[in-house]
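The structure under discussion appears below in the form of structure tokens.
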Amino acid sequence: MIISWNTTNQCNMFCDHCYRDAGAKASEELSTEEGKSLLDEIAKAGFKIMIFSGGEPLMRPDIVELVQHATNLGLRSVFGTNGTLITLEMAQNLKKAGAMGIGISLDSMDKQKHDTFRRYPNAWDEAVEGMKNCRAAGLGFQIHTTVMDWNRHEVHALTDFAVEMGAVGHHTFFLVPTGRAVSIEEESLKAEAYEEILTEILEKQKTVDIELKPTCAPQFMRIAKEMGMDMRYNRGCLAGTHYCIISPKGIVQPCAYLNIPAGNVRETPFSQIWKEAPIFKELRTLAYKGGCGSCKYKYACGGCRARAYYYHNNDFMAEEPWCLYHGRKG
């Protein structure tokens with residue numbers, strides 16, 4: 001099981017697609033001690049992979065201390081970061097504290113396009129410098145790319161760049177309209193283009209040794225099966241079944257893009273929320289509607305519950321709208 005904690009809302013960027021609408025530090029963010037207690041509860045609930053994200057998690061001054069605590073609990077700490085704050089010293093400190101991997105955002109091979117999307121001058125150069133510092137410290141890293149209509153044709157070039165840089169993987173993220181991303185919904189890929197790019201990514205996987213993983217694109221599991229490919233993953237959408245996310249203030253929800261509170265760790269222990277929250281119980285029934293409910297890949301894919309929620313009048317159990325497989329059975 002995997003969990004993400006948005007450790008802070010503070011960020012040095014103002015990205016167009018940010019689900020958290022990050023920027024300024026939020027009031028009443030979890031303190032260091034509250035964070036450690038949360039990590040205790042996360043381990044108690046049986047989670048194994050701990051994603052530290054944000055905002056920009058490296059803007060949190062106690063981040064190394066939190067990683068060390070997670071390591072002491074047996075959690076595998078990884079990061080989602082824009083990479084600009086990864087100095088060699090920071091990479092070395094994270095490595096020493098037990099961090100296992102760093103996901104660094106890079107959305108284009110064109111520096112200007114990346115910097116504009118991230119609304120941050122020199123974002124591209126500083127992210128690449130962060131990769132080099134991870135490599136020098138012996139800290140594994142992967143590249144994270146948000147796929148939009150304007151950069152979809154760069155995905156393979158970014159994969160090749162990831163190989164060149166010594167990354168262990170290239171993960172592609174597909175937009176779900178929430179947070180600031182609602183304003184750029186029209187730039188997101190739709191069903192036909194979505195299916196095409198997922199197929200292209202899986203074809204590319206046959207040619208490289210690093211891991212290529214589409215995220216927020218559960219149909220990749222069905223496409224991989226149709227292509228006869230073995231994946232190390234068991235399921236596409238993990239929201240509420242094998243994954244959840246926690247906000248800087250301790251609010252728990254099924255995923256970053258399904259903005260429905262399941263509880264607050266300041267009021268209820270996280271392990272109890274994970275076990276008893278009604279929304280998690282409903283998601284675990286897999287009682288989907290429409291094409292998702294009748295699909296033979298229901299258990300492998302699950303459809304994106306957040307997109308179902310956005311496009312079907314807040315019904316997170318509705319069918320996934322970005323799928324060409326609807327209505328086909330057995």
Side-chain angles (χ1 to χ4, degrees), residues 3-32 34-35 38 50-67 77-87 89-91 93-94 99 101-108 111-131 133-134 141-148 151 171 173-185 187 215-216 245-253 255-259 306:
I3 189 168
S4 181
W5 172 25
N6 295 138
T7 56
T8 181
N9 201 65
Q10 189 175 9
C11 190
N12 57 340
M13 295 186 178
F14 198 79
C15 305
D16 288 339
H17 64 299
C18 183
Y19 66 82
R20 185 56 68 189
D21 198 12
K25 181 179 179 180
S27 61
E28 301 178 356
E29 293 184 352
L30 297 181
S31 67
T32 301
E34 287 177 315
L38 172 60
M50 179 69 232
I51 304 174
F52 291 94
S53 63
E56 172 47 57
L58 297 183
M59 295 192 78
R60 194 168 163 132
D62 60 355
I63 195 66
V64 174
E65 182 179 353
L66 291 169
V67 170
S77 297
V78 296
F79 276 74
T81 169
N82 61 44
T84 62
L85 302 179
I86 306 176
T87 62
E89 181 181 13
M90 175 58 77
N93 288 341
L94 289 172
I102 308 292
I104 298 176
S105 298
L106 200 71
D107 301 302
S108 178
K111 296 182 182 182
Q112 184 175 355
K113 287 182 179 179
H114 176 79
D115 292 0
T116 298
F117 187 51
R118 296 277 163 179
R119 299 195 188 184
Y120 183 88
N122 300 317
W124 197 97
D125 286 329
E126 291 180 21
V128 172
E129 185 65 22
M131 296 176 200
N133 289 332
C134 286
F141 70 93
Q142 61 193 34
I143 288 179
H144 289 173
T145 299
T146 298
V147 183
M148 310 283 285
N151 70 350
H171 287 204
F173 290 74
F174 290 80
L175 183 71
V176 179
T178 188
R180 286 200 292 268
V182 170
S183 65
I184 56 171
E185 191 272 341
E187 295 183 14
T215 299
C216 298
I245 191 167
I246 302 166
S247 80
K249 295 184 179 183
I251 299 171
V252 183
Q253 59 189 64
C255 81
Y257 307 108
L258 190 52
N259 193 17

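Remark: the N12 side chain and the T84 side chain contain an N/O donor-acceptor pair separated by less than 3.5 Å.
To the nearest 0.5 angstrom, F173 atom CZ is 7.0 Å from C216 atom SG. Note: N259 CG to Q253 CD = 4.5 Å, rounded to the nearest 0.5 Å. Atoms CD and NZ, from E34 and K249 in turn, are 12.5 Å apart once rounded to the nearest 0.5 Å. Here the CE atom belonging to M131 is positioned 10.5 Å from the CD atom belonging to Q142, to the nearest 0.5 angstrom. If you take OG on S31 and CG on D62, they are separated by 8.5 Å, rounding to the nearest 0.5 Å. Going from atom OG1 of T146 over to atom NE2 of H171 covers 13.0 Å, rounded to the nearest 0.5 Å.
Within the 3.5 Å criterion, the main-chain N or O of T145 finds no donor-acceptor partner in the side chain of D107. Side chain of D115 to main chain of A123: a donor-acceptor pair is present (N/O by atom type, distance under 3.5 Å, no hydrogens or angles).
Taking both residues in full, the closest heavy atoms of Q10 and M59 are given as NE2-CE, 3.5 Å, listed atom of the first, atom of the second, then distance. For the residue pair L30 and L38, the shortest heavy atom distance occurs at CD1-CD2, 3.9 Å. In terms of heavy atoms, L66 sits closest to T32 at CD2-O, 4.0 Å. For the residue pair F79 and H144, the shortest heavy atom distance occurs at O-CE1, 4.4 Å. Annotation for R60 and T7: closest pair NH1-O, 2.8 Å, computed over non-hydrogen atoms. In terms of heavy atoms, W124 sits closest to S108 at NE1-O, 2.8 Å.
Considering only heavy atoms from C-beta on, N133 stays 4.5 Å or farther from E89 through its side chain. Contact check for I245 versus N6: side-chain heavy atoms found under the 4.5 Å cut-off. Contact of the V78 side chain with the M50 side chain is not registered, since no non-hydrogen atoms from C-beta on lie closer than 4.5 Å. Contact check for S53 versus W5: no side-chain heavy atoms found under the 4.5 Å cut-off. Inter-residue side-chain proximity for R118 and S105 is flagged as met; some heavy-atom pair is nearer than 4.5 Å.
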In sequence, state the C-alpha distance, the side-chain angles, and the governing distance for E56 and L85, and then conclude on side-chain contact (heavy atoms from CB on, under 4.5 Å). CA-CA 9 Å; E56 172 47 57; L85 302 179; 3.8 Å; yes
So I251 and I246, side-chain contact (heavy atoms from CB on, under 4.5 Å) or not? Walk me through it. CA-CA 5 Å; I251 299 171; I246 302 166; over 6 Å; no
Which is it for L94 and I102 under the side-chain contact (heavy atoms from CB on, under 4.5 Å) test, yes or no, and what are the steps along the way? CA-CA 10 Å; L94 289 172; I102 308 292; 4.2 Å; yes
Pair I86-L58, side-chain contact (heavy atoms from CB on, under 4.5 Å): steps then yes or no: CA-CA 8 Å; I86 306 176; L58 297 183; 3.5 Å; yes
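Ionic pairing of K111 and D125 is present here: one or more N-O contacts between side-chain nitrogen and carboxylate oxygen are shorter than 4.0 angstrom.
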